[in-house]
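Quick notes on the structure that follows.
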Amino acid sequence: MGFHASERQHVGALYWAAFGRKLQVGFPDAARGEAFVTDNLRADRMFVARVDGEVAGVCGFHAGGAGAAALTWRGLRDKFGWTGAIRATVALAPLSRAERDGVLVLDGICVDARRRGRGLGTALLAAAHEHAAGCGDREVQLSVVDTNPRAEALYRRLGYRVVDEGSMGSLGSLYGFRRYKTMRKRVAR
Ligand SMILES: CC(C)(COP(=O)(O)OP(=O)(O)OC[C@H]1O[C@@H](n2cnc3c(N)ncnc32)[C@H](O)[C@@H]1OP(=O)(O)O)[C@@H](O)C(=O)NCCC(=O)NCCS
């Protein structure tokens with residue numbers, strides 16, 4: 001659980017490489033979006049996988065009303081002013097996922113492109129399940145977008161099942177995906 005202050009830039013680069021395509025819609029440009037998200041990642045909302053002491057993958061989660069990136073109104077307003085904060089809040093709202101009682105809702109799982117296919121994603125999900133079990137949660141939930149069939153295949157193989165589907169409608173081209181699935185898996189006792 002968590003990352004050291006010295007790892008923040010590395011974690012931010014990893015998170016942005018995986019999710020910047022959709023998050024950048026909320027920011028004036030990609031560079032400022034990456035810097036803001038990086039500065040506001042929460043170490044207490046992330047599982048981290050390391051290989052030879054180096055961060056190789058992360059898996060965010062929601063708890064207590066906050067996800068892996070604390071993109072708060074106040075933080076956005078202080079950084080980008082009122083107009084920028086309103087823009088970010090409106091643009092990022094369709095990407096937010098509500099917390100649910102008894103369910104650990106994940107918030108972005110990604111593995112360094114050079115390290116994929118070696119079990120790190122599976123290990124991060126196992127850590128999430130261990131955490132959920134410790135918190136007394138019944139299920140772990142994640143979302144996967146229609147442009148990511150390999151990730152969906154992994155989740156299905158691990159026992160996740162689709163419980164809901166949604167559409168971004170005409171905003172799809174803006175965020176880089178049109179549809180998403182919500183998947184859940186029961187926590188073993
Ligand atoms: C999805 C992801 C987290 C899986 O991590 P991983 O460490 O490669 O996962 P594992 O090694 O435990 O399992 C490998 C399986 O993941 C799936 N996978 C999904 N995308 C993959 C990718 N780009 N490269 C390799 N495997 C990928 C495959 O089904 C693969 O199984 P296969 O080797 O039989 O094809 C990782 O590929 C990733 O970071 N992708 C980019 C970000 C992303 O899409 N995140 C998911 C958002 S829902």
Side-chain angles (χ1 to χ4, degrees), residues 1-50 54-100 104-116 120-121 124-125 127-128 131 141-148 151 166 168-178 180 182:
M1 169 82 83
F3 54 84
H4 307 293
S6 61
E7 295 173 322
R8 177 173 292 279
Q9 294 306 318
H10 190 151
V11 170
L14 199 57
Y15 196 82
W16 189 263
F19 305 114
R21 169 68 182 86
K22 61 182 181 187
L23 292 176
Q24 70 180 20
V25 175
F27 299 97
D29 56 60
R32 278 185 280 182
E34 178 173 354
F36 186 78
V37 168
T38 298
D39 285 349
N40 288 282
L41 287 174
R42 293 187 57 147
D44 60 350
R45 297 288 189 279
M46 278 192 163
F47 307 107
V48 177
R50 293 182 183 80
E54 185 178 294
V55 173
V58 298
C59 174
F61 62 95
H62 289 270
L71 308 180
T72 63
W73 166 258
R74 191 175 176 170
L76 288 163
R77 190 202 56 197
D78 288 352
K79 189 74 184 176
F80 301 111
W82 282 86
T83 314
I86 291 169
R87 171 205 161 114
T89 304
V90 171
L92 297 173
L95 301 175
S96 70
R97 298 288 172 260
E99 286 180 22
R100 301 177 72 100
L104 179 66
V105 178
L106 302 187
D107 185 20
I109 173 167
C110 54
V111 168
D112 186 323
R114 297 164 302 162
R115 311 262 195 202
R116 289 179 193 160
L120 292 176
L124 284 164
L125 290 170
H131 180 76
Q141 173 181 310
L142 50 77
S143 297
V144 64
V145 301
D146 57 0
T147 50
N148 207 347
M168 301 302 281
S170 53
L171 297 176
S173 52
L174 205 57
Y175 294 96
F177 65 97
R178 295 203 174 276
Y180 62 89
T182 303

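Listed by chain and number, the residues in a ring-ring contact (aromatic ring centres under 6.0 Å, His included) with Phe61 are Phe47, His131 (sequence neighbours excluded). The salt bridge (charged side-chain N to carboxylate O under 4.0 Å, His left out) test applied to Arg21 returns no partner, not counting sequence neighbours. By the ring-ring contact (aromatic ring centres under 6.0 Å, His included) test, Phe80 pairs with Phe27, Phe36, sequence neighbours left out.
Summarising the geometry of Ala49 relative to Leu120, their closest heavy-atom pair is CB-CD2, 4.2 Å, with the distance given to 0.1 Å. Scanning all heavy atoms of the two residues, the minimum distance from Ala69 to Val37 falls at CB-CG1, 4.4 Å. Pairing each heavy atom of Gly169 with each of Arg178, the nearest pair is O-NH1, 3.7 Å. Scanning all heavy atoms of the two residues, the minimum distance from Met46 to Ala68 falls at CE-CB, 3.9 Å. Closest heavy-atom contact between Leu41 and Val11: CD1-CG1, 3.8 Å. Of all heavy-atom pairs spanning Ala91 and Gly26, the tightest one is CB-CA, 3.7 Å.
When side chains are defined from C-beta on, Val25 does not count as touching Leu92, because their heavy atoms never get closer than 4.5 Å. When side chains are defined from C-beta on, Arg115 counts as touching Glu54, because their heavy atoms get closer than 4.5 Å. For the pair Val111 and Leu124, the minimum side-chain heavy-atom distance is below 4.5 Å. With contacts defined as side-chain heavy-atom distances shorter than 4.5 Å, the pair Glu99/His62 qualifies. At least one side-chain heavy atom of Leu142 sits under 4.5 Å from a side-chain heavy atom of Leu125. Residues Tyr180 and Arg97 meet the side-chain proximity criterion, which asks for heavy atoms closer than 4.5 Å.
The OG atom of Ser143 sits 11.5 Å away from the CG atom of Asn148 when rounded to the nearest 0.5 Å. If you take CZ on Arg50 and CZ on Phe3, they are separated by 10.0 Å, rounding to the nearest 0.5 Å. Rounding to the nearest 0.5 angstrom, the gap separating the CG atom in Leu95 from the CZ atom in Phe177 is 5.5 Å. Here the CZ-OG1 distance, from Arg77 to Thr89, works out to 11.0 Å after rounding to the nearest 0.5 Å. Separating the OH atom in Tyr15 from the OG1 atom in Thr38 is a distance of 10.5 Å, to the nearest 0.5 Å. Atom CG in Asn40 sits 6.5 Å away from atom OG1 in Thr72 (nearest 0.5 Å).
Without hydrogens or angle criteria, His10 side chain to Val55 main chain gives a donor-acceptor distance under 3.5 Å. Panel note: side chain Glu34, backbone Trp16; no donor-acceptor pair is recorded below 3.5 Å. In this structure a side-chain-to-backbone donor-acceptor pair under 3.5 Å is missing from Arg42 to Ala66.
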